[in-house]
Amino acid sequence: MTNKYLVNVFEKVKQKNPYELEFQQAVYEVLNSIEPYVNEHKEIEELNIIERLVEPERIITFRVPWLNDEGKVCVNRGYRVQFNSAIGPYKGGLRFHPSVNQSIIKFLGFEQTLKNSLTGLFMGGAKGGSDFDPKGKSDKEIMSFCQSFMTELYQHIGPDTDIPAGDIGVGKKEIGYLFGQYKRITNTFVGTITGKPLEFGGSLGRTEATGYGLAYYTSKMLEEMSNTNYKDKKVIISGSGNVALYTLEKVTNLGGKVIAMSDSNGYILDENGIDFKVLQEIKEVKKERISKYVETIKTAKYFENAKQMWTIKCDIALACATQNEIDLDCAKILVANNVILVGEGANMPCTIEATNYFIENKVLFAPAKAANCGGVMVSGFEMSQNSSRTIWSKQEVDDKLKQQMENILHEVLACAKHYGNPYDTVLGANITGFKKVANAMISQGVI
Ligand code: NDP
């Protein structure tokens with residue numbers, strides 16, 4: 001990055017947020033990649049758009065006291081970062097995980113702003129969550145926590161203001177408790193939260209959307225950039241949560257063979273391909289660890305150390321677990337093993353060094369903002385259905401998702417090509433997302 005304006009803004013970001021390493025990383029990646037656009041558009045610097053873009057519009061932090069099953073009072077910290085509302089009401093998920101802190105929520109909110117812009121819908125960027133760990137908690141404890149969390153959050157959100165959804169640790173159960181408390185406090189039944197169960201306003205196809213979207217995006221990428229497809233390709237997918245599971249299902253339907261998947265403790269390997277139904281039962285119904293898979297499928301093996309999974313020889317690697325799971329060392333192994341495509345189902349799962357290594361080595365790279373935006377896109381569809389009190393069929397949702405994922409790929413590739421490197425899809429995605437937000441900020445004046 002050589003543009004003085006961008007360098008200065010990034011220096012200020014570091015000074016103002018010295019301990020927020022994930023946030024710094026996300027900002028650096030974006031500023032570095034939008035440089036050619038900023039060089040061409042002098043008004044970006046004149047109106048100081050970038051310094052405004054990297055400063056969240058609002059950060060809300062709050063105490064979340066709740067009672068555990070022993071009657072003990074527990075306290076967690078809650079966050080909502082309302083990052084940017086230039087192109088629509090704030091929209092982004094809630095993450096409940098012990099690793100949650102302000103840096104992580106800010107990096108996610110910042111990325112969400114550009115991702116939501118890429119979906120083509122009118123949604124601003126936000127993210128929230130808590131360092132609460134739902135793992136090992138009873139339903140009663142989770143409900144107690146969710147009700148307390150919403151008792152504070154409700155005053156900051158609304159169907160035209162800020163619409164939270166799920167993320168790591170926040171699935172249908174948590175969304176149900178959060179929605180129930182919101183409804184009770186506000187005495188309204190509106191689409192303020194997405195990812196709801198179908199019985200009270202959820203959208204068909206939302207559960208599958210991020211994974212399916214990733215599969216559609218990467219499948220089209222293989223076709224357009226390598227004249228190939230998923231058929232008989234060896235695929236590895238990290239994680240075994242919502243995104244990973246539905247990526248497994250769609251990739252398998254498209255003819256790919258998913259040979260390895262993981263959780264934070266370890267990974268399973270089966271050269272015959274992992275069975276979606278068996279894994280879904282273990283993860284979604286029985287809520288067990290991935291290691292249980294080998295008890296049902298005898299050809300599969302389980303190994304401790306999830307990171308080692310990236311050393312398996314594969315054609316396609318899809319990172320669907322968490323941030324920074326693929327570093328430069330992993331990237332070097334994947335490239336040495338002749339990986340064709342790396343896709344980001346999780347947010348920022350590849351470090352900057354790993355991403356650059358893939359692009360330099362002409363690996364097809366599907367960056368998170370574009371490749372995993374299917375989830376928030378269908379959340380946008382859920383908002384439309386809630387406002388118009390209509391229900392779309394699963395087929396209608398899926399057709400729209402597939403079409404829009406392919407449109408986004410085309411926009412990203414056209415932009416990357418325009419700036420000289422068709423493999424630099426990070427530049428393509430960031431500039432495409434940024435342009436719309438920047439133009440909206442310019443039109444709306446100094447606010
Ligand atoms: P889940 O909580 O459903 O699943 C996360 C999975 O990742 C779990 O299987 C978890 O295992 C595993 N995991 C966590 N850390 C590691 C690690 N270091 N190595 C291997 N596996 C690990 O979350 P989601 O599937 O919803 O989200 C996954 C990612 O996708 C996140 O980055 C999220 O922000 C992003 N995303 C999600 C969207 C959605 O619609 N859900 C939309 C867009 C992005 P364990 O059980 O051991 O913790």
Side-chain angles (χ1 to χ4, degrees), residues 22 26 91-100 104-105 107-109 111-112 115-116 118-119 125 127-129 133-136 164-175 194-195 202-203 205-214 217 236-248 260-268 279-280 282-284 286-293 303-310 317-327 330 343-350 366-382 401 405:
E22 294 85 358
K91 176 98 195 85
L94 298 172
R95 179 177 289 191
F96 293 168
H97 192 270
S99 66
V100 162
I104 290 189
I105 299 298
F107 115 65
L108 290 164
E111 298 230 306
Q112 196 81 42
K115 180 189 307 193
N116 290 0
L118 276 171
T119 65
K127 200 81 187 188
D133 187 0
K135 257 193 221 138
D167 190 70
I168 293 178
V170 180
K172 288 234 157 44
K173 186 197 320 182
E174 291 77 13
I175 292 287
T194 61
S203 174
R206 173 60 187 92
T207 305
E208 299 87 348
T210 309
Y212 280 19
L214 173 67
Y217 187 95
I236 58 177
I237 300 176
S238 62
S240 44
N242 172 268
V243 179
L245 263 183
Y246 291 95
T247 304
L248 162 69
M261 291 183 69
S262 59
D263 63 19
S264 53
N265 296 119
Y267 68 93
I268 52 169
L279 192 60
Q280 185 191 33
I282 292 170
K283 297 303 298 183
E284 286 190 341
K286 296 187 178 150
K287 312 252 180 235
E288 288 177 329
R289 309 299 298 159
I290 202 167
S291 54
K292 285 276 169 192
Y293 185 85
F303 301 89
E304 298 282 342
N305 190 348
K307 209 171 172 186
Q308 279 293 108
M309 190 185 73
W310 302 118
L318 302 173
C320 299
T322 195
Q323 61 272 0
N324 291 329
E325 43 172 322
I326 298 186
D327 58 18
C330 299
E344 296 190 311
N347 287 312
M348 207 167 75
C350 299
K369 289 186 199 79
N372 77 16
C373 76
V376 72
M377 191 188 299
V378 175
S379 275
F381 297 168
E382 184 173 330
L401 169 70
M405 292 308 296

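One-based numbering, in listed order, for ligands and for the atoms of each. Excluded from the calculations below are hydrogen atoms, water molecules and symmetry mates; all remaining heavy atoms, backbone and side chain alike, are included. Counting begins at 1 with the first residue of the sequence.
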So, regarding [X] and ligand 1 (criterion: nitrogen or oxygen to nitrogen or oxygen, under 3.5 Å), is there a contact or not?
| X | value |
| --- | --- |
| Ala306 | no |
| Lys135 | yes |
| Arg206 | yes |
| Arg95 | yes |
| Lys283 | no |

Partner residues of Arg206 under the side chain to side chain donor-acceptor pair (under 3.5 Å) criterion, sequence neighbours left out
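Per chain and number, Arg206 pairs via side chain to side chain donor-acceptor pair (under 3.5 Å) with Ser379.
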Between Lys369 and Glu111, does any NZ, NE, NH1 or NH2 come within less than 4.0 Å of an OD or OE carboxylate oxygen?
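Yes, this pair counts.
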Heavy-atom gap Ser262 to ligand 1 smaller than 4.0 Å
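Checking ligand 1 against Ser262, which is what was asked, there is a heavy-atom contact under 4.0 Å.
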Going by distance alone, is a donor N or O of one side chain under 3.5 Å from an acceptor N or O of the other, for Ser238 and Lys307?
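Result is no, nothing qualifies.
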Are side-chain N/O atoms of Thr207 and Lys172 paired as donor and acceptor at under 3.5 Å?
yes
Can you list the atoms of ligand 1 that are under 4.0 Å from a heavy atom of Gly169?
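Atoms satisfying the 4.0 Å criterion: 2 (O).
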Within 4.0 Å of some non-hydrogen atom of Asn372, the atoms of ligand 1 are 43 (C), 44 (C)
Can you report which non-hydrogen protein atom sits closest to [atom], along with the distance?
| atom | result |
| --- | --- |
| atom 42 (C) of ligand 1 | Thr210 OG1, 3.3 Å |
| atom 34 (O) of ligand 1 | Asp167 OD1, 2.6 Å |
| atom 41 (N) of ligand 1 | Asn242 OD1, 3.4 Å |
| atom 46 (O) of ligand 1 | Arg289 NH1, 3.2 Å |
| atom 4 (O) of ligand 1 | Gly241 CA, 3.2 Å |
| atom 25 (O) of ligand 1 | Val243 N, 3.0 Å |
| atom 18 (N) of ligand 1 | Thr322 CG2, 3.9 Å |

Nearest-0.5 Å distance, CZ of residue Phe303 to CD of residue Gln308:
10.0 Å
Do you know the tightest heavy-atom contact between [X] and [Y]?
| X | Y | value |
| --- | --- | --- |
| Asn372 | Lys115 | OD1-NZ, 2.7 Å |
| Pro349 | Glu344 | CD-OE2, 3.3 Å |
| Val378 | Ala209 | CG2-CB, 3.5 Å |
| Asp263 | Ile290 | OD2-N, 3.1 Å |
| Gly211 | Thr247 | CA-OG1, 3.2 Å |

Counting only heavy atoms, which portion of Asn347 has something under 4.0 Å from ligand 1: side chain, backbone, both, or neither?
both
Answer with side chain, backbone, both or neither: which part of Ala368 has a heavy atom less than 4.0 angstrom from an atom of ligand 1?
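Neither part.
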Among Glu284, Met261, Lys292, which one satisfies side-chain contact (heavy atoms from CB on, under 4.5 Å) with Leu279?
Met261
Which one of [options] has a non-hydrogen atom at the shortest distance from [atom]?
| atom | options | answer |
| --- | --- | --- |
| atom 47 (O) of ligand 1 | Ser264, Ala209, Ser240 | Ser264 |
| atom 21 (N) of ligand 1 | Asp263, Thr194, Asp133 | Asp263 |
| atom 28 (C) of ligand 1 | Ala321, Cys373, Ala346 | Ala321 |
| atom 23 (O) of ligand 1 | Ile104, Leu108, Ile168 | Ile168 |

Applying side chain to side chain contact (heavy atoms under 4.5 Å, CB included), run through Trp310 and Ile326 and close with a yes or a no.
CA-CA 8 Å; Trp310 302 118; Ile326 298 186; 3.7 Å; yes
Would Gln323 and Cys350 count as a side chain to side chain contact (heavy atoms under 4.5 Å, CB included) here? Give the steps.
CA-CA 7 Å; Gln323 61 272 0; Cys350 299; over 6 Å; no
